[in-house]
Visitor: 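Shown below is the structure under consideration.
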Amino acid sequence: MSQKIQPPKGTRDFYPADMAIQNHIFGAWRRVCARFGFQEYEGPSFEHLEMYTGKSGDEIVGQLYNFTDKGGRDIALRPEMTPTLARLANQLGRNLRKPARWFSLPRLWRYEKQQRGRLREFFQLNMDILGSDNVSADAELIAAACRICEELGLKSGDVVARISSRRLISTLLDELGCTDKPPVYLALDRREKLPREDFVKGLGEAGLTEDGIRRLDALFDAKSLAEVTDLVSSDDAKAALAELETLFQLLAAHGVADWCKFDPTVVRGLAYYTGVVYELFDAGRSLRAIAGGGRYDDLLSKMGGERMPAVGFGMGDVVIAELLKDKGLLPTGIPGPDLWLVSVDGDEIRQAAVAAKLRAAGKEVGFAFGGGKLGKQMQAAQENGAKRAVFVGSDRVAADQVEVKDLATGEQTVSTVEALCL
RNA sequence: GUGGCUGUAGCUCAGUUGGUUAGAGCUCCUGAUUGUGGUUCAGGAGGUCGUGGGUUCAAGUCCCAUCAGCCACCCCA
């Protein structure tokens, strides 16, 4: 047993039953994307290493699967899709029809220690809208993320989209005289984890006064947008707040208000977010984030293109599958053919001919090789997930007839191959 | 990268204070059922106890290392 080669750490094997689950999730992703008018794109599964180091610095290399190819090029398996998307968009330049609504289902790789909901190889739905400043685009994506959860059988009480705004925090920090924002974002992101004094100290070093820290606390403790109104005074901050209010009106119009909640503590560690940010979690918070995203208006220009407002989110396949499993919402068994031929007289020539005729008519047909006892053939029909058994070569019916048994109900009827082709 | 827990048949697990041929359920195979599956009954196959080393008269049971899994931290694109 130990001699057998195991799959590499953090990877998964997909047996038919696993693929059925995978296809269940992918199917929901594709259906909702289609309903929202998104178009699918793809890119290479590996890119130049600098595409990732340029954005996040060299320490990112520790989390990449990278290598030098035979031509001496530094290559990395893609750990995320957004840089590839940005590259594609920048290549198109002005030929990109805006706003573009694009989605992709990339397989991604990250060299990380695996845990529940986090593997080294996984899939992630990416939905992005390029070229729209409008908050309607933000709403569109949040609504899509909620609809995907719904499509998979989850209820609004199972999942909550926690929504905040980088812009709101940023403009408030301007008001408070903050000179160095990135460290503040980091501190805010860990507000619940850091000891209080470290939190206060960190903010103080970033130029915040005691009064400023008090106002930040008030923002982070706010349970609704209304509570924030009194906390902001600058025009910029008021505009950011108004944008959030519009967002929630739009989300209500989309019919996903029950799924969404204003939560100022959502900051997201990623530096490139500039506006609305959100994360979807299971209500019990027992798992990692199901999805996360936001507005990143400056990213494409930073990657060498022209300014291009953009919004997007990513939803991994691992966490959502865990949640569906916990909720008992995963399909069981393997998908089988509609029909399973059972040869009564052992005439495999005739069986093959019947199968060919049915298949030509578009029917799904399987059968056991080499015939065998009817009990065995019936068992094979069941094990292969067939819905109906078709007895071919029965002497109980006319030569051109077959007996058809519904495996779920046990009901058996007489028919003909021609009738089954319809 | 740091810390903790775990690793026994294909799967889920039980194995007393270290002591004769390592157990159960499920799965699988065969038969009851030579024209019909899912139920039931009977029988059978399948582990040297993750791997390597050490302690001991004796180790699945103790110690070390290593690999793998789980959990937390870190990180989270």
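Residue numbers begin at 1 in each chain, while the letters A, B, ... track the order of the sequences.
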Visitor: Whom does B/C28 pair with, Watson-Crick or G-U wobble, provided both distances fall under 3.5 Å?
Guide: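 WC or wobble partner is B/G44.
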
Visitor: Is the gap between the ring centers of A/Trp109 and A/Tyr65 under 6.0 Å?
Guide: no

Visitor: Is there a side-chain polar atom (N or O) of A/Gln63 under 4.0 Å from OP1 or OP2 of B/A77?
Guide: no

Visitor: Need one value for A/Arg116: base, sugar-phosphate or nothing, where a base atom within 4.0 Å counts as base even if backbone is also close, heavy atoms only.
Guide: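 Here A/Arg116 touches the backbone only, sparing every base.
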
Visitor: Using a 4.0 Å heavy-atom cut-off across all strands, classify A/Ala86 as base, sugar-phosphate, or nothing.
Guide: nothing

Visitor: Give the nucleotide from the list B/C71, B/C28, B/G38 with an atom nearest to the side chain of A/Glu383.
Guide: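 Minimum distance to the A/Glu383 side chain belongs to B/C28.
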
Visitor: Passes salt bridge (charged side-chain N to carboxylate O under 4.0 Å, His left out), A/Glu411 versus A/Lys405? Steps please.
Guide: CA-CA 6 Å; A/Glu411 187 184 352; A/Lys405 180 169 185 172; over 6 Å; no

Visitor: Any idea which of B/C73, B/U36, B/G69 is nearest the A/Lys9 side chain?
Guide: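 Between B/C73, B/U36, B/G69, the one nearest the side chain of A/Lys9 would be B/G69.
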
Visitor: The side chain of A/Gln412 lies closest to which of these nucleotides: B/U30, B/G37, B/U36?
Guide: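 The nucleotide sitting nearest to the side chain is B/U36.
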
Visitor: Using the closest heavy atom to pick a nucleotide of RNA chain B for each, name whichever of A/Lys373 or A/Leu64 lands nearer the 5' end.
Guide: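 The residue closer to the strand's 5' end, by nearest nucleotide, is A/Lys373.
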
Visitor: Using the P atom as the point on both nucleotides, what is the distance between B/G23 and B/C49, in whole Å?
Guide: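 Approximately 15 Å lies between the P atom of B/C49 and that of B/G23.
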
Visitor: Crowded around A/Phe26 CZ? As in, over 12 foreign heavy atoms under 6.0 Å?
Guide: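 Enclosed.
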
Visitor: On RNA chain B, compare the nucleotides closest to A/Gln114 and A/Met378; which residue's is nearer the 5' end?
Guide: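 First, find each residue's nearest nucleotide; the 5'-ward one identifies A/Met378.
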
Visitor: B/G47 and B/C11: how far apart are their C1' atoms, nearest whole angstrom?
Guide: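 So the two C1' atoms sit 13 Å from each other.
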
Visitor: From the list B/U36, B/A72, B/A77, which nucleotide is the closest neighbour of the side chain of A/Pro79?
Guide: B/A77

Visitor: Once hydrogens and angles are ignored, does a donor-acceptor distance under 3.5 Å link the base of B/U36 to the side chain of A/Lys376?
Guide: no

Visitor: Examine B/G37: is either OP1 or OP2 under 4.0 Å from a nitrogen or oxygen in the side chain of A/Lys405? Give yes or no.
Guide: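 For B/G37, OP1/OP2 do not have a side-chain N/O of A/Lys405 under 4.0 Å.
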
Visitor: Watson-Crick or G-U wobble partner for B/C70, using a 3.5 Å limit on both distances?
Guide: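 Pair assignment: B/C70 / B/G4.
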
Visitor: Hey, is CZ on A/Arg307 packed in by over 12 heavy atoms from elsewhere, all under 6.0 Å?
Guide: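 Result for CZ/A/Arg307: enclosed.
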
Visitor: In whole Å, measure the gap between the C1' atoms of B/C13 and B/U56 for me.
Guide: 30 Å

Visitor: Taking only the P atom of each, what is the distance from B/U6 to B/G15 in whole angstrom?
Guide: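 Taking atom P in both B/U6 and B/G15, they lie 13 Å apart.
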
Visitor: With a 4.5 Å cut-off on side-chain heavy atoms, are A/Leu154 and A/Leu323 touching?
Guide: yes

Visitor: If we take the P atom in both B/A65 and B/G4, what is their distance in whole Å?
Guide: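 Their P atoms lie roughly 11 Å apart.
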
Visitor: Considering every strand and a 4.0 Å limit on heavy-atom distances, what is the contact class for A/Gly410: base, sugar-phosphate, or nothing?
Guide: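 Answer is base: heavy atoms of A/Gly410 come under 4.0 Å of a base.
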
Visitor: Determine the interatomic distance between C1' on B/A9 and the same-named atom on B/G25; round to the nearest Å.
Guide: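 That atom pair is separated by 12 Å.
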
Visitor: With a 3.5 Å limit on both atom pairs, tell me what B/U33 is paired to, counting Watson-Crick and G-U wobble, or say none.
Guide: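 The base-pairing partner of B/U33, which may sit in any strand shown, does not exist here.
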
Visitor: My understanding is that a pair needs two contacts under 3.5 Å, Watson-Crick or G-U wobble. By that rule, which nucleotide pairs with B/G23?
Guide: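 Because both required distances fall under 3.5 Å, B/G23 counts as paired with B/C13.
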
Visitor: Quiz question: going by heavy-atom distance under 3.5 Å, is there a donor-acceptor pair between the base of B/C75 and the side chain of A/Arg118?
Guide: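 Side chain to base: pair present.
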
Visitor: When you compare B/U40 with B/C26, how far apart are their P atoms, in angstrom units rounded to a whole number?
Guide: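 So the two P atoms sit 9 Å from each other.
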
Visitor: Could you measure between the two P atoms, the one in B/C29 and the one in B/U21, and give it in whole Å?
Guide: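 Those two atoms are separated by 32 Å.
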
Visitor: Can you establish whether the number of heavy atoms outside A/Gln39 located under 6.0 Å from its atom CD is more than 12?
Guide: no

